[in-house]
S.K.: 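Next up is a structure, given as structure tokens.
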Protein chains: 2
Amino acid sequence: MSGAQERPLRADAARNRARLLDVATQVFATRGVGVPTEEIARAAGVGVGTLFRHFPTKEALLEAVMMRRLETIAAQAAQLPAESAPAETFFDCFRLVVEQSAGKSEFAQALAAAGVDAHAALQESSAAIRARLAELLAGAQRAGAVRPELGLPELIALLVGTTTTMEHLGNDVSARERIFAVVFDGLRPR
Amino acid sequence: MSGAQERPLRADAARNRARLLDVATQVFATRGVGVPTEEIARAAGVGVGTLFRHFPTKEALLEAVMMRRLETIAAQAAQLPAESAPAETFFDCFRLVVEQSAGKSEFAQALAAAGVDAHAALQESSAAIRARLAELLAGAQRAGAVRPELGLPELIALLVGTTTTMEHLGNDVSARERIFAVVFDGLRPR
DNA sequence: CTAGAATCGGACTAGCGACTCCGGTTTCAA
DNA sequence: TTGAAACCGGAGTCGCTAGTCCGATTCTAG
């Protein structure tokens, strides 16, 4: 594909880049995708010029943030054991994705609106998650723990929807648990 | 509170106002809240000046559109019979809200971002829906058709989330039915 | 330590979108 | 029919934000 960056970044450049990513992740999650680029730069303690050198476009910054998130989720999902308890693992993974995706729907939406190739860059990362989900879904269905007529598209839509549901509940942990109970029981065969 | 408009609108003014509302509803639902105001005016066959005289702010236009939607939903929800079959009516109402709310989450989000008092104007309309939902929820719970530990906040969050789920499924009717099956079965006591 | 290459910072530009303003047009009461 | 109040239209204003440019400022190889 594409070569890695030949020359390692200068120390300060690397520091700034990392700082920008962290701050952007935080700010986007807190205040939405609409925040002016300049604020992110200021919060990271750099000028806008620096930001735009590292990420030539606001969309590129969003993409980088999303990428990191997806990779985190994919890594965590990969660690779940699939063999021993397929059903349990499936539900654990569902939980994982929902909990790690808090605030992500806005990102996806922003990226979708910004064009198709943005997705292309991310599909590489999200494909891993999708594959993992498909695998776990199949396992859970084979074990009779999830209704067999459900496909991957429905599962993903349900993940997104459940994330939205959780966002509307804020930090009420017991309410969140009740929602999980509803969704998980609904996924099981009657 | 506030008096109704004393003087009935002039014929052309009333026509334009109605047309703007219709077009805005359509365009917002189709292309999102980000559409330039001018496009809505053009699509309605009027100038921007006219639009802004009827709705002094883009937010006001959004609010008016939302209001009409909420009133429609409230009216339809009010017609459902509550006495005969509480459980069935509850699920019918759930369906109704989800199906009528397609694309609404974006509105709510936009309004929420625009300030608190926007909500105040709408709460009057949405209070009716909320009250109706609470009534039907209680009825269904009394009939043993919905798990008793669920409260109104969870129900509303679930409605919003299910709407999002449906939006991600597009027009795949059978997939939508499978989602309804999951959610409805999940709502029932184990 | 030093040269010079890489990086920084923030004033500046461009473009877009919400909203205003006012001369021209339409409605309607008498 | 007619006058004037209400309404229309769209060019223009204003503010905001993504993205550029270049002199000043580090970093690092030697």
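Lettering of chains follows the sequences in order, A, B, ..., and the numbering in each one begins at 1.
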S.K.: Cation over ring, B/R95 on B/F90, under 6.0 Å and within 45°?
M.R.: no
S.K.: Would you say the side chain of B/L155 lies within less than 4.5 Å of the side chain of B/V146, judging by non-hydrogen atoms?
M.R.: no
S.K.: Between A/Q76 (side chain only) and A/Q100 (backbone N and O only), is there a donor and an acceptor less than 3.5 Å apart?
M.R.: no
S.K.: Dump the intermediate steps for side-chain contact (heavy atoms from CB on, under 4.5 Å) on B/V98 and B/L159, then the final yes or no.
M.R.: CA-CA 6 Å; B/V98 169; B/L159 280 166; 3.9 Å; yes
S.K.: On DNA chain D, reading 5' to 3', which nucleotide is the first and which the last to sit with an atom under 4.0 Å from a heavy atom of chain B, could you check?
M.R.: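 Listing 5' to 3', DNA chain D meets chain B from D/dA5 to D/dA11.
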S.K.: Supply the atom-to-atom distance A/S125 OG to A/E63 CD, rounded to the nearest 0.5 angstrom.
M.R.: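 Between atom OG of A/S125 and atom CD of A/E63 there are 9.5 Å.
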S.K.: Relative to the 5' end of DNA chain C, which residue comes earlier, B/R15 or B/P36, by the nucleotide with the nearest heavy atom?
M.R.: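 The 5'-side residue here is B/P36.
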S.K.: Can you build the contact string for nucleotides 5-11 of chain C? Use B for base contact, S for sugar-phosphate-only contact, and - for no protein heavy atom under 4.0 Å.
M.R.: BBSBBBB
S.K.: For the backbone of B/G186 and the side chain of B/R147, can you confirm whether one donor and one acceptor N or O come within less than 3.5 Å of each other?
M.R.: yes
S.K.: With a 3.5 Å cut-off and no angle check, do the side chains of A/T163 and A/E167 form a donor-acceptor pair?
M.R.: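 No, because no side-chain N or O of A/T163 sits under 3.5 Å from a partner of the opposite role on A/E167.
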S.K.: Is the backbone N or O of A/L150 less than 3.5 Å from a side-chain atom of B/R178, with the two atoms forming a donor-acceptor pair by type?
M.R.: no
S.K.: Within this structure, what is the NZ-to-P distance between B/K58 and C/dT20, rounded to whole angstrom?
M.R.: 15 Å
S.K.: Can you measure A/E38 atom CD to C/dC12 atom C1' for me and round it to whole angstrom units?
M.R.: 12 Å
S.K.: For C/dA18, does OP1 or OP2 lie under 4.0 Å from any side-chain N or O of B/T37?
M.R.: yes
S.K.: Take the protein atom CD of B/E59 and the nucleotide atom P of C/dG17, then report the distance between them rounded to whole Å.
M.R.: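 To the nearest whole Å, that distance equals 19 Å.
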